[in-house]
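Here's the structure we're looking at; comments come further down.
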Amino acid sequence: MYRYDEFDHQLVGERVKQFRGQVERRVSGELTEDAFKPLRLMNGVYLQLHAYMLRVAIPYGTLSSKQMRMQAHIARKYDRGYGHFTTRQNIQFNWPALDKIPDLLEELATVEMHAIQTSGNCIRNVTSDQYAAAIDGEIEDPRIISEIIRQWSTFHPEFTYLPRKFKIAVTGHDNDRAAIKLHDIGIVIKQNELGDVGYEIHVGGGQGRTPFIAKKMADFVPKAQLLAYLEAVMRVYNMLGRRDNSYKARIKIMVHETGEVEMRRLIEAEFAKIDASQMLAVPQAEIDRISAYFASPEFENLPATSATLDAAQAQDADFARWVRANVVAHKQHGYGIVNISLKPIGGVPGDATDVQMEAVADLAERYSFDEIRVTHEQNLVLPHIRLDDLKTVYDALNAHELATANLGLISDTIACPGLDYCNLANARSIPLAQEISERFADLDQQYDIGELKIKISGCINACGHHHVGHIGILGVDKKGTEFYQISLGGSADENASIGTITGRAFTEETIVDAIETVVTTYTDMRQTDERFIDTYRRVGLDPFKERLYAE
Amino acid sequence: MAQHSSKGARFQAVTANRLSDGEVVYLSPDNQWAETFAAADIADGPEAGDALMARALPADFELHVLEPYLFEVLQDGTQYKPASVREIIRAAGPTVRLDLGKQADAKRES
């Protein structure tokens, strides 16, 4: 885990003091809301439907148990006993009072956390692969370069007033779990034929009103040149990105309008302007200092299989199902990667209570080298659990309703807060996720359906990633009433694709039936072991459309 | 932000969020910011709506609330209710957490 140095501490400490002063001046009337709003947004404070919302950054989705306990404490002391883990690997609190937020941020800073870069037109909190340093086949731990990018981008004066927000994601693995092709910049750590490590760069991906898959701009940027290359991309965007229309201000629009070839030329020309002697290079000692924080835990030398685990699975069928669904193979023999589903049947996707957060923190401290990860699919991960300990961990999770065995299945839905909380939403998302999980509550049925990613957004901003759901659902407003549009065939992985809208929208009463129709169309048509997305790619939209809109 | 009131709306009320804690509030007949929709002043007709909105914007309104706006209200017998799902949810609380928001306060008081 990265630990703050004196500069990090100073930066965050000063920011909390500044914000305290800004809040005091707003409350006293010295600052108007127009003047204050950008300041509060730069500190992660939004106004939602019922209250303010504070978004706390979890850099690259990694938390220590102490940091997780602080989230539980904040939920209890400043909120209503729960927090919401988001698709950007962050956590949101839905009910903090404005005048208490400076105190909250001060407490947060004691565990080296803050709410900087969670809002505003800056480079946002960097996201990454939740299985970093635990999964086999990774070229390098993506969190090292993510942390370097975090430090480089925090309060970067040139990139504080961009045309629009800017999101960067990093993966060190060919299997993309960080949706890198749906970010403004997606970075894939690669190794070339000479064995050197560098970066493949994708630019201009994103969702929202106008979704695009990122275009590959560079096959291999050498390690030492990465920040300079990123600087070149940011400069091109900062100079030429549109500021006249916020709907067209993201870099994805610029890449689309400029064209891939011209965009590449512009970036390369800008990159060439950066003189080698002035190229921003991180001193090796600093790289070593940061890398040391991500050194591999001291794993025990264990056999690949565990008799304890085998016996427990034989005795407890529910446990065996959970192992099969939620535990992923670890790079180290004798260990597993444990996924904690925050999607209990009928629950709110991504929500966790203070007690649940503390339970996860305890398990991480005791069994997972003090590490927790947040996934962009709104679940948690204990990255390094001994196979011998799986049953103990499962029992503890189960006692806190955290052992739903549904990872990657139809009930493991992404859902944005929607109209239950969000000021921008047109329709509710959470109740749909709840109804769908209840409709398909039978786990055996879910296993039979297999991998199926449903993603629900309550408005076109697409925080619920509906464009890249195998089944995407978008809530729309028609004269104050909620309707839901279905899209099919989206995907956020290394074979990323944008879903296609099936046709006219469904009402709140008919949408879950429509989803069931889509699922049965798939199960009727699939070939042996064919996943939903593969069937869809084989047969196309028409068979689904025919069944959905049959008179 | 979406339009909260249609052109043809007959009845309207003014809502905002309280500065200190973001609580949903409504402008009442005595120009207070009340916490319940039931206490909201209801304007009948577009001119009354404009007048109500004007009352919500005294020189110092920003000391108390954020972003006041008019929204459409429907008459339901002798009662009124917000017209849109959005305003129904703002008046009650999250539909997925009936233990939170105004709906929970109302329950505790009854």
Side-chain angles (χ1 to χ4, degrees), chain A residues 23 26-37 40 45-54 79-82 94-101 346-349 351 415 417-434 458-459 475 477-482 508, chain B residues 1-9 11-12 15-26 35-37 56-69 71-74 81-105 108:
Chain A
V23 170
R26 173 67 184 96
V27 171
S28 73
E30 205 178 316
L31 285 178
T32 62
E33 185 59 20
D34 278 352
F36 179 68
K37 190 174 173 181
R40 71 166 156 81
V45 183
Y46 291 73
L47 180 67
Q48 299 264 59
L49 291 183
H50 314 288
Y52 290 98
M53 178 271 277
L54 178 73
D79 210 84
R80 307 277 165 99
Y82 69 107
N94 290 308
W95 306 88
L98 179 65
D99 46 10
K100 296 287 187 296
I101 290 176
V348 178
D351 275 11
L419 194 53
D420 278 301
Y421 293 98
C422 179
N423 213 1
L424 302 172
N426 289 320
R428 286 171 294 162
S429 308
I430 299 167
L432 270 195
Q434 292 174 316
C459 81
D477 166 89
K478 289 186 186 173
K479 296 182 181 167
T481 306
E482 300 155 297
E508 190 189 344
Chain B
M1 201 185 289
Q3 192 70 32
H4 301 297
S5 201
S6 64
K7 254 190 173 170
F11 298 105
Q12 297 182 97
T15 183
N17 290 83
R18 192 158 61 201
L19 172 65
S20 60
D21 58 3
E23 178 80 32
V24 174
V25 287
Y26 301 92
E35 286 190 21
T36 61
F37 172 73
L57 300 170
D60 67 344
F61 83 92
E62 283 204 322
L63 276 173
H64 311 287
V65 296
L66 307 179
E67 299 172 7
Y69 60 86
F71 66 100
E72 185 171 0
V73 169
L74 300 175
K81 64 171 192 183
S84 68
V85 177
R86 174 194 159 93
E87 292 305 330
I88 291 169
I89 292 173
R90 283 182 82 249
T95 64
V96 293
R97 287 296 301 263
L98 301 179
D99 58 326
L100 298 175
K102 296 180 190 300
Q103 57 203 355
D105 300 339
R108 272 194 295 274

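In the text below, chain A, chain B and the rest are named by the order of the sequence lines, each starting its count at 1. FYI, side chains are in, hydrogens and waters are out, and symmetry mates aren't considered; it's all heavy atoms of this structure.
Of the possible polar contacts, none joining the B/Asn17 side chain to the A/His50 backbone as a donor-acceptor pair under 3.5 Å is found. With hydrogens and angles ignored, the 3.5 Å screen pairs a side-chain donor or acceptor of A/Tyr52 with a backbone N or O of B/Leu19.
Heavy atoms of A/Pro417 lying under 4.5 Å from chain B are absent altogether. Interface remark: B/Arg18 contributes backbone atoms only to the contact with chain A (heavy atom separation under 4.5 Å). For A/Lys479, no part lies under 4.5 angstrom from a heavy atom of chain B. Neither the backbone nor the side chain of A/Tyr46 comes within contact range of chain B; no heavy atoms are under 4.5 Å apart. The contact between A/Gln434 and chain B is made entirely by side chain atoms (from C-beta outward), counting heavy-atom distances below 4.5 Å. Only the side chain of B/Leu66 comes within less than 4.5 Å of a heavy atom of chain A; its backbone N, CA, C and O stay farther away. Using a 4.5 Å cut-off between heavy atoms, A/Thr32 contacts chain B through both its backbone and its side chain. Only the backbone of B/Val65 comes within less than 4.5 Å of a heavy atom in chain A; its side chain stays farther off. A/Leu47 touches chain B through its side chain: at least one heavy atom from C-beta onward sits under 4.5 Å away, while N, CA, C and O do not.
Between chain A and the options B/Gly101, B/Ser20, B/Ser84, the largest number of non-hydrogen pairs under 4.5 Å is found for B/Ser20. With chain A as the partner, the residue from B/Ile88, B/Val96, B/Leu100, B/Asp60 showing the most heavy-atom pairs under 4.5 Å is B/Val96.
For A/Lys100, the NZ atom is loosely surrounded, since the number of other residues' heavy atoms within 6.0 Å does not exceed 12.
In this structure, the separation between CZ on B/Arg90 and CG on A/Leu419 is 10.5 Å, given to the nearest 0.5 Å. One distance of note links CG of B/Leu63 with CD of A/Glu33; it measures 11.5 Å at 0.5 Å rounding. To the nearest 0.5 Å, the span separating CZ on B/Arg97 from CG on A/Asn94 amounts to 9.0 Å.
Between A/Asn423 and B/Arg86, some side-chain heavy-atom pair lies under the 4.5 Å cut-off.
Take A/Glu508 and apply the salt bridge (charged side-chain N to carboxylate O under 4.0 Å, His left out) test, not counting sequence neighbours, and it matches A/Arg428.
Side-chain atoms of A/Asp420 and B/Thr95 form a donor-acceptor pair, as typed in the model, at a separation below 3.5 Å.
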